[in-house]
**Q** 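Can you keep this structure in mind? I'll have questions shortly.
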Amino acid sequence: MQYSCQELISWFNDTFAVSDNTILVRAEDEPIYLPADERCSQQRIIVAHAFLRCQFVLGNE
């Protein structure tokens, strides 16, 4: 089964935004973790678009 980058980001955010106050953010820069601060109340994991490769194959379906 294939998932788009946006589907994976949505899944991550739906899973961890409330319970861990952490969101995944797609960007063009190098991956980085940013703690919550005065600009954003949530912790952020910034991932490069190329890192996600726009599609993952999960499982052997």
Side-chain angles (χ1 to χ4, degrees):
M1 181 174 274
Q2 293 186 344
Y3 297 91
S4 70
C5 290
Q6 190 54 53
E7 287 173 314
L8 293 170
I9 290 170
S10 293
W11 173 83
F12 184 95
N13 294 344
D14 289 347
T15 303
F16 298 109
V18 174
S19 64
D20 295 296
N21 195 39
T22 303
I23 58 172
L24 195 61
V25 179
R26 184 167 134 185
E28 297 298 324
D29 297 326
E30 294 294 317
I32 188 169
Y33 164 78
L34 299 173
D37 57 23
E38 62 279 347
R39 290 181 294 161
C40 184
S41 63
Q42 293 176 305
Q43 302 172 94
R44 291 149 288 160
I45 300 172
I46 311 297
V47 292
H49 173 72
F51 179 76
L52 288 177
R53 299 262 191 244
C54 284
Q55 293 206 18
F56 281 88
V57 177
L58 301 178
N60 293 322
E61 300 175 12

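Treat the numbers as computed from the prediction; the structure is a model and nothing was measured. Position 1 is the first residue of the sequence; numbering continues from there. When reading the values below, keep in mind they use all heavy atoms of this one structure, side chains included, and skip hydrogens, waters and symmetry mates.
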**Q** Nearest 0.5 Å please: distance from the CG atom of Asn13 over to the CD atom of Gln6.
**A** 8.0 Å

**Q** Using only atom types and a distance under 3.5 Å, with no angle test, would you say the side chain of Gln42 pairs donor to acceptor with the backbone of Pro35?
**A** no

**Q** Taking all heavy atoms of Val47 and all of Leu24, pick out the closest pair and write down the distance.
**A** CG1-CD1, 3.6 Å

**Q** I need the Ile45 CD1 to Ile9 CD1 distance, nearest 0.5 Å.
**A**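 Those atoms lie 11.0 Å apart.
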
**Q** Measure across Ala36 and Ser41 and return the closest heavy-atom pair with its distance rounded to 0.1 Å.
**A** CB-O, 3.3 Å

**Q** Apply the hydrophobic cluster definition, ILVMFWY joined by side-chain contacts under 4.5 Å directly or through others, and give me every member besides Leu34.
**A**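 Ile23, Val25, Ile32, Ile46, which link up through side-chain heavy atoms under 4.5 Å apart, make up the rest of the cluster.
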
**Q** With sequence neighbours excluded, give me every ring-ring contact (aromatic ring centres under 6.0 Å, His included) pair touching residues 13-33.
**A**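 For residues 13-33: Phe12-Phe16.
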
**Q** Show me the pairs that pass salt bridge (Lys or Arg N to Asp or Glu O under 4.0 Å) and involve residues 37-46, at least two apart or across chains.
**A** Asp37-Arg39, Asp37-Arg44

**Q** Mind checking side chain to side chain donor-acceptor pair (under 3.5 Å) for Thr15 and listing every partner two or more places apart, or none if nothing turns up?
**A** none

